Amino acid sequence: MNMAESIFKAYDIRGIYPDQLDEEGVYQIIQAYIKVVKPKKVVVSRDVREHGPQLQQAAIRSFIEAGVDVVDAGLVSTDMFYWAVANLPVEGGVTLSASHNAREWNGLNMARQGAEPISKESGLDEIKNLALAGCRVESDRKGMIKEQDILDDYCRWLLSLIDVGKLTPLTLAVNPNHGYQGIVLERIIELGKLPIKVKKIYFEPDGTFPLPGGHPNPLIPENRHASVELVQTSAANLGVSWDADGDRCFLIDETGRFLEGYFTTAVLAVEQLKKHPGGKVIIDPRLIWASTQAILANGGLPIISRAGMTIIAKRMQAEGAIFAGEMSAHYYFPETYNRDNGMLPLFRILELMASSRKKLSEIYDPYLAKYFVSGEINSTVTDIQMILKSIETKYVGGKVEHIDGVSVEYPDWRFNLRSSNTEPLLRLNVEANSKKVMEQKRDELLAIIRA
């Protein structure tokens, strides 16, 4: 059995197959999940990865041998998995996925009843300890398995959340990075008879990820450039790109500008506040000026939270928030059970374009003209804590916060430096009131971090 302790992250489980995580490792983790969650019936699904079928079967075997009934939902996007756990008569679920990681990775994203997240603080540590200890669940019965195709039911639910009659004809350039979300989009368009033409790249589901660099991640420069080029060559009204499991949504305007999730958070927050005046909106601390000022200007209350899909979801529930957004392009809605959803943000933007009669560039221009950002810059370092302490000491003159990593704010610029929850990296984000200041401070910080 291969099950490295390092695969247990802050809010999910991810490792390299089969060296760090194999079938028996998945079997053992599911045994621990059953001990903690105590479900009678669960959803089990997977993303497009080539070793997904055998890992999913290992998970199903673990459940049924412990007497737990299983709904086998097969191949899904992460959005669909959350929907299934929230809507089917189950007490939890597991999907086999490693999100945007490369071909050799796989993992487990686990939820309780109602799609409630399981993170380090809410059960994942207990699951880790039980799994590593080799726990077993005994049962005098075998669970039942039912295969269920949930695609159409999910798509109809998604259509119920949008104003279909408001949408106007347009051309959409689509890059799902060989995940499943492109198939989902086509089915939504077909069922809803939507006036949307689709231009495609890296479209067919393929777990070998035949992409530049092999990473199904929209932020990889080669993947980003391909999406931009498709928008430009197809004269599309906008472009959309998802990671392999479809829970992050990136947009490209009609001019070919790749739009930061930071600015999309601000745009979507304003739209949600129109429907829910005075509501709370949760953002992460990496970049805050554009979204904070947009929320306040539209009568909302911004709340800054640690980043992370399970962390934000729990905070959404605790605060009764109307929306949450991360600069990493995860977006959360009460309608999506406070979980991140990669499809609804696209349709909220399409609704806005139709109602405002504006091009996407015109919607984003006011933000791009006022706020200048570095984009997230990753550095591999040997001593994360030493560097964080060194940086904080040097920038002691600014306003310091420790919500997630270290954030330091000055009147004309601000930065956040934090360790990754899923990879051995330091992540830097800088924002400023001018491009010159942003670039100067970005380079200054990187010189210290990489020295």
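Excluded from the calculations below are hydrogen atoms, water molecules and symmetry mates; all remaining heavy atoms, backbone and side chain alike, are included. Quick caveat, the model's predicted, so the values are computed rather than measured.
- Electrostatic pairing of Glu186 and Lys200 counts as a salt bridge here, judged by a charged N lying under 4.0 Å from a carboxylate O.
- Classification of Glu271 and Lys274 as a salt-bridged pair holds, one side-chain N sitting under 4.0 Å from a carboxylate O.
- In plain terms, the two heavy atoms of Tyr331 and Gly261 that are nearest each other are OH-CA, 3.2 Å.
- Counting heavy atoms from C-beta on, the side chains of Val228 and Gln232 come closer than 4.5 Å.
- In terms of modelled atom types and a separation under 3.5 Å, the side chain of Gln181 and the main chain of Pro176 share no donor-acceptor contact.
- Residues Asp206 and Pro210 have side chains in contact (heavy-atom distance under 4.5 Å, counting atoms from C-beta outward).
- The two atoms that bring Asn237 and Met353 nearest to each other are O-CE, 4.3 Å, heavy atoms only.
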#### Entry: Steps toward side chain to side chain donor-acceptor pair (under 3.5 Å) verdict (Asn378, Arg427)
CA-CA 5 Å; Asn378 295 319; Arg427 304 192 190 278; 2.8 Å; yes
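- With a 6.0 Å cutoff to the six-membered ring centre and a 45° limit on the axis angle, Arg339 counts as a cation-pi contact of Tyr82.
- Taking the six-membered ring where tryptophan is involved, the planes of Tyr262 and Tyr371 are perpendicular, since the angle between them exceeds 60° and thus also 30°.
- The side-chain heavy atoms of Arg61 and Tyr27, taken from C-beta on, include a pair separated by under 4.5 Å.
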#### Entry: Derivation and outcome, side-chain contact (heavy atoms from CB on, under 4.5 Å), residues Ser97 and Arg46
CA-CA 6 Å; Ser97 175; Arg46 69 181 190 274; over 6 Å; no
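- Only one option out of Met327, His402, Glu326, Arg414 pairs with Pro285 in a side chain to side chain contact (heavy atoms under 4.5 Å, CB included); it is Arg414.
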### Task
Decide side chain to side chain donor-acceptor pair (under 3.5 Å) for Glu376 and Asn429; before the verdict, give the C-alpha distance in whole Å, the side-chain angles of both, and the deciding distance to 0.1 Å.
CA-CA 5 Å; Glu376 191 157 80; Asn429 283 279; 2.9 Å; yes
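- Here the CG atom belonging to Leu268 is positioned 11.0 Å from the CD1 atom belonging to Ile322, to the nearest 0.5 angstrom.
- The aromatic rings of Tyr154 and Trp157 lie tilted to each other, with the angle between the two planes from 30° to 60°.
- Here the side chains of Leu238 and Leu350 are in contact, with some heavy-atom distance below 4.5 Å.
- Judged by distance alone, the side chain of Lys193 and the main-chain N or O of Glu190 form no donor-acceptor pair under 3.5 Å.
- Rounding to the nearest 0.5 angstrom, the gap separating the CZ atom in Arg306 from the CD1 atom in Ile403 is 11.0 Å.
- Two rings, from Tyr17 and His51, have their centers less than 6.0 Å apart.
- At a threshold of 4.5 Å between non-hydrogen side-chain atoms, the residues Leu124 and Tyr33 do not count as touching.
- A 4.5 Å side-chain heavy-atom check between Ile349 and Leu360 finds at least one atom pair inside the cut-off.
- Salt-bridge formation is not detected for the pair Glu91/Lys41: no Lys NZ or Arg NE/NH1/NH2 atom is positioned less than 4.0 Å from an Asp or Glu carboxylate oxygen.
- Atom CG of Leu158 is separated from atom CD1 of Ile188 by 4.0 Å, given to the nearest 0.5 angstrom.
- Residues Phe323 and His276 form no side-chain contact, since every pair of their non-hydrogen atoms from C-beta on lies 4.5 Å or further apart.
- Checking side-chain atoms of His100 against main-chain N and O of Pro216 turns up no donor-acceptor pair under 3.5 Å.
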### Task
Check step by step if side-chain contact (heavy atoms from CB on, under 4.5 Å) holds for Arg315 and Ile311.
CA-CA 6 Å; Arg315 191 70 184 272; Ile311 297 164; 5.7 Å; no
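- When atom types are taken as modelled, the side chain of Glu104 and the backbone of Ile16 share no donor-acceptor pair closer than 3.5 angstrom.
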### Worked verdict on Ile13 versus Ile29 for side-chain contact (heavy atoms from CB on, under 4.5 Å)
CA-CA 10 Å; Ile13 297 169; Ile29 291 167; 3.7 Å; yes
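- Counting all heavy atoms, side chain and backbone alike, Ser227 lies closest to Ile252 at CB-CD1, 3.8 Å.
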### Query
Between Asp412 and Ser434, does a side chain to side chain donor-acceptor pair (under 3.5 Å) hold up when you go through it step by step?
CA-CA 8 Å; Asp412 59 342; Ser434 73; over 6 Å; no
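- In summary, the side chains of Thr208 and Glu50 do not present any donor paired with an acceptor at a separation below 3.5 Å, with no hydrogens or angles considered.
- For Glu147, the CD atom is loosely surrounded, since the number of other residues' heavy atoms within 6.0 Å does not exceed 12.
- Of the possible donor and acceptor atoms, one in the side chain of Glu351 sits under 3.5 Å from a partner among the backbone N and O of Asp163.
- Counting only heavy atoms from C-beta outward, the side chains of Thr78 and Asn109 approach each other to under 4.5 Å.
- A side-chain donor-acceptor contact under 3.5 Å links Asn416 and Ser407.
- At distances below 3.5 Å, not a single donor-acceptor pair connects side-chain atoms of Glu401 with backbone N or O atoms of Val408.
- Note: Phe81 and Trp83 fail the aromatic proximity criterion, with ring centroids not under 6.0 Å apart.
- A donor-acceptor contact shorter than 3.5 Å links the side chain of Asn177 to the backbone of Trp242.
- Applying the 6.0 Å contact sphere to NZ of Lys441 captures more than 12 heavy atoms from other residues, nucleotides or ligands.
- One finds the OG atom of Ser374 at 6.5 Å from the CE atom of Met438 (value rounded to the nearest 0.5 Å).
- Ionic pairing of Asp69 and Lys40 is not present here: no N-O contact between side-chain nitrogen and carboxylate oxygen is shorter than 4.0 angstrom.
- The two residues Leu259 and Phe250 come nearest to each other via the heavy atoms O-CD2, 4.5 Å.
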### Query
Between Arg14 and Asn101, is a side chain to side chain donor-acceptor pair (under 3.5 Å) present by the stated rule, with each step listed?
CA-CA 9 Å; Arg14 294 186 206 178; Asn101 290 68; 2.7 Å; yes
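- Side-chain N or O atoms of Asp79 include none that pairs as donor or acceptor with a backbone N or O of Asp247 at under 3.5 Å.
- Taking a 6.0 Å sphere around CD of Gln293, one finds it holds more than 12 heavy atoms contributed by other residues, nucleotides or ligands.
- Ala269 and Ile295 make their closest contact through CB-CG1, 3.9 Å (heavy atoms, listed as atom of the first residue, atom of the second, distance).
- Residues Arg112 and Val85 share a closest heavy-atom pair of O-CG1, 3.2 Å.
- Within the 3.5 Å criterion, the main-chain N or O of Val71 finds no donor-acceptor partner in the side chain of Gln148.
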### Message
Pair Glu116, Lys314 - check salt bridge (charged side-chain N to carboxylate O under 4.0 Å, His left out), show working.
### Response
CA-CA 8 Å; Glu116 182 181 342; Lys314 293 291 283 187; 3.1 Å; yes
#### Entry: Residue pair Ile127, Ile118: steps toward the side-chain contact (heavy atoms from CB on, under 4.5 Å) verdict
CA-CA 10 Å; Ile127 290 171; Ile118 296 177; 4.1 Å; yes
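- Side-chain atoms of Glu409 and Trp289 form a donor-acceptor pair, as typed in the model, at a separation below 3.5 Å.
- Using a cut-off of 4.0 Å between Lys/Arg side-chain N and Asp/Glu carboxylate O, Arg418 and Asp284 are scored as not salt-bridged.
- Without hydrogens or angle criteria, Ser291 side chain to Ala266 main chain gives no donor-acceptor distance under 3.5 Å.
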